[in-house]
Amino acid sequence: MADASERQLRDWATYYARTAERAPRPTLLKALDVLGPPAPDWLAVDLGCGGGRDTVEMLRRGWRVLAIDAEQSAIDSLRGRLDLPADARLDTLVGRFETTIWPDADLVNSSFALPLCPPADFDPMWRRLLESLKPGGCFAGQLFGDRDSFRDRPGITTMTREEARARFDRLDIVLFEEEETDAVTPRGTPKHWHLFHVVARRPR
Ligand SMILES: C[S@@+](CC[C@H](N)C(=O)[O-])C[C@H]1O[C@@H](n2cnc3c(N)ncnc32)[C@H](O)[C@@H]1O
């Protein structure tokens, strides 16, 4: 019988297979529009890149990307994509965002991944994330609200609207949208989603 970690690995493989080809997230597209075409030395970091639906879009638009994920299978799935641009400037790293140090970046994208940071590690991780944004740089991604049905799962960080908003106190908010909806996850689990979709920019 498979143990919990084997099941989780299989679950992520299913997730990557079902989502890798999907369109990039609207939060990423908004940030890319706000930032405009990248200068040659600009860097984007994709935290929890999964199968690479966002990473590939950044590469297509000429960004240099560092894609980070805790799962080797996510990086394998990204690296194995047939639609990677021939001239892609892509670096990858297997690591957890609580413990990984990444270079300062013009764009830090993290779609549906940061809530998977354990609560005890979230604040220091968040501080480092903000510090890594260059002046004028953007954050794009999601945080989970306190009514999300994953709130009682171990290792998941949720927060109220006020707490989520306060995380961006020192940034200019480009988009802050709250969503509550009942749906099924890409892995087939019914779920109540309570999300904050955020794009925010560090002042110059
Ligand atoms: C729900 S998936 C989202 C993947 C992709 N960003 C997307 O939008 O489709 C979350 C991803 O975050 C990764 N992840 C979860 N916890 C992580 C952590 N602490 N550090 C780095 N990656 C993590 C998972 O392995 C998974 O690939």
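Numbering of ligands and ligand atoms starts at 1, following listing order. Atoms considered below: every heavy atom in the structure, side chains included; atoms not considered: hydrogens, waters and symmetry mates.
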Got an N/O contact under 3.5 Å between [X] and ligand 1?
X: Leu47; result: no
X: Thr19; result: no
X: Phe112; result: no

Got the closest protein heavy atom to [atom], with its distance?
atom: atom 6 (N) of ligand 1; answer: Gly48 O, 2.7 Å
atom: atom 22 (N) of ligand 1; answer: Ala70 N, 3.2 Å
atom: atom 25 (O) of ligand 1; answer: Asp69 OD1, 2.6 Å
atom: atom 20 (N) of ligand 1; answer: Phe97 N, 2.9 Å
atom: atom 7 (C) of ligand 1; answer: Arg25 NH2, 3.4 Å
atom: atom 16 (N) of ligand 1; answer: Leu116 CB, 3.6 Å

Practice task
Output all residues satisfying salt bridge (Lys or Arg N to Asp or Glu O under 4.0 Å) with Asp41, sequence neighbours left out; order by chain, then residue number.
Solution key: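 So Asp41 forms no salt bridge (Lys or Arg N to Asp or Glu O under 4.0 Å) with any residue.
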Exercise for the section: Please check if the distance between the ring centroids of Phe168 and Phe139 is under 6.0 Å. Expected result: yes
Problem - Ring centres under 6.0 angstrom apart (Phe97, Trp126) - result: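 Between Phe97 and Trp126, the centre distance exceeds or equals 6.0 Å.
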Problem - Side-chain H-bond candidate by donor/acceptor type, Asp104 with Ser132, under 3.5 Å - result: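 No, because no side-chain N or O of Asp104 sits under 3.5 Å from a partner of the opposite role on Ser132.
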Handout entry: Glu179 and His194: side chain donor to acceptor below 3.5 Å
Key = no
Exercise for the section: Just grab all the ring pair (Phe, Tyr, Trp, His ring centres under 6.0 Å) pairs involving residues 41-87, residues at least two apart or on different chains. Expected result: Trp42-Trp63
Handout entry: Location of contacts on Glu98 toward ligand 1, heavy atoms closer than 4.0 Å
Key = side chain
